[in-house]
Novice: 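Below is a structure I'd like to ask you about.
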There are 2 protein chains.
Amino acid sequence: MDKKKIVFRRLKDEGFKITPQRAAIIDFLLDNGNHPSAEEIYKGIKTEYPMVSFSTVYNTLRVLERIGFIKSLNITENRVNFDPETYPHHHLYCERCGRIVDVQLDADISLLKNNTVKVNSYRIYLYGICLDCLRKEREKTV
Amino acid sequence: MDKKKIVFRRLKDEGFKITPQRAAIIDFLLDNGNHPSAEEIYKGIKTEYPMVSFSTVYNTLRVLERIGFIKSLNITENRVNFDPETYPHHHLYCERCGRIVDVQLDADISLLKNNTVKVNSYRIYLYGICLDCLRKEREKTV
DNA sequence: CTGTATGCAAAGGTTTTGCATCGGG
DNA sequence: CCCGATGCAAAACCTTTGCATACAG
């Protein structure tokens, strides 16, 4: 996988060390394809890679966020999920199955005249039903 | 304040009791004008109204959310803030002072063709600098 | 009166921290 | 070699829960 090399290089460039633990976390994020929480990453790696601790997972996630490889999602309450940034997209939280799925949006957002604030970034969180759950629903009603 | 009566009526209609604690929380939310967390509400009421507990605050917030008087905000990590819903608006988190300020947006959001999901609701969170902090910055540089 | 709401304290879940040790560059 | 990274366990933080009591309707 090429993305991995890019991340490694960026880590080096920013003065961060590349440790086996960090490599495992990066692999997991790239292979997994969804939006794991810190705990899911920890458990996912632990099985085939037991020498990882929670503090290392959190430390690495913070580092990966700082170099711009991942973004954190506050789409659910009281738990942060992490999103490997691969292409521009937003997210939908499925109220049926609880998964977070990628969604591509046409978003045209502009401040109304009186809002004199400076916007550096923004996040759009959708809530609804994902494709899989919609399919299951259709099958039921047939 | 008239809004208060409306909330009281809605509580009654939905079969919830109106207790002094709940009244105090509603007052605080209406008078305060910003977006307090559960803890801020608890502390804000406690001073002039000592007979309130954390569980009551959380219980009441859940009730107020259910009747549609407040909405929860996940704009910051690991802490939920509550927003008395008075008029349609979105929110900006000020990365300077940490406050959450109301912002009115023209938001035109549409799913791209391939996204076959069902959207029930969405949230837009802006991150940047609020008006007050922009002003302070300007004064400094002069 | 009746059942919901409250207060308290304890538990639950997630994230952070302190510190000694390890190991990547 | 050195300094940052790790692991462990404990702490911090926010929220929920269980249960006996209080009180709104």
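Just so we're on the same page: letters track the sequence lines, and every chain starts at 1. Excluded from the calculations below are hydrogen atoms, water molecules and symmetry mates; all remaining heavy atoms, backbone and side chain alike, are included.
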Novice: Rounded to the nearest 0.5 Å, what's the gap from NE2 on H90(B) to CD1 on I124(A)? Could you check?
Specialist: 9.0 Å
Novice: Taking side chain to side chain contact (heavy atoms under 4.5 Å, CB included) as the definition, give me every residue that meets it alongside Q104(A), ordered by chain and number, with sequence neighbours left out.
Specialist: Y87(A), H89(A), L112(B), N115(B)
Novice: Determine whether the side chains of T60(A) and Q21(A) contain a donor N or O and an acceptor N or O closer than 3.5 Å.
Specialist: no
Novice: Check whether more than 12 heavy atoms from other residues, nucleotides or ligands sit under 6.0 Å from atom NZ of K46(B), and answer yes or no.
Specialist: yes
Novice: Kindly indicate whether a cation-pi arrangement holds for R10(B) with F69(B), taking the cut-offs as under 6.0 Å to the six-membered ring centre and within 45° of the axis.
Specialist: no
Novice: Can you tell me if H35(B) and D102(B) form a side-chain donor-acceptor pair at under 3.5 Å?
Specialist: yes
Novice: Atom CD of E77(A) to atom C1' of dC14(D): distance rounded to whole Å?
Specialist: 11 Å
Novice: Within this structure, what is the CG-to-C1' distance between N78(A) and dT15(D), rounded to whole angstrom?
Specialist: 6 Å
Novice: Do H91(B) and N81(B) have a side chain donor and acceptor closer than 3.5 Å?
Specialist: no
Novice: Could you identify which residues of residues 9-23 of chain B place a heavy atom less than 4.0 Å from some atom of DNA chain D, listed by residue number, or say none?
Specialist: K17(B), I18(B), P20(B)
Novice: Rounded to whole angstrom units, what separation is found between the CZ atom of R79(A) and the C1' atom of dC13(D)?
Specialist: 16 Å
Novice: By a strict heavy-atom criterion of less than 4.0 Å, which residues belonging to residues 40-69 of chain A are in contact with DNA chain C?
Specialist: S55(A), Y58(A)
Novice: In this structure, how many angstroms lie between the P atom of dA5(D) and the CD1 atom of I25(A), rounded?
Specialist: 13 Å
Novice: Hey, can you tell me if F54(B) and Y58(B) have their rings parallel, tilted or perpendicular (30° and 60° cut-offs)?
Specialist: parallel
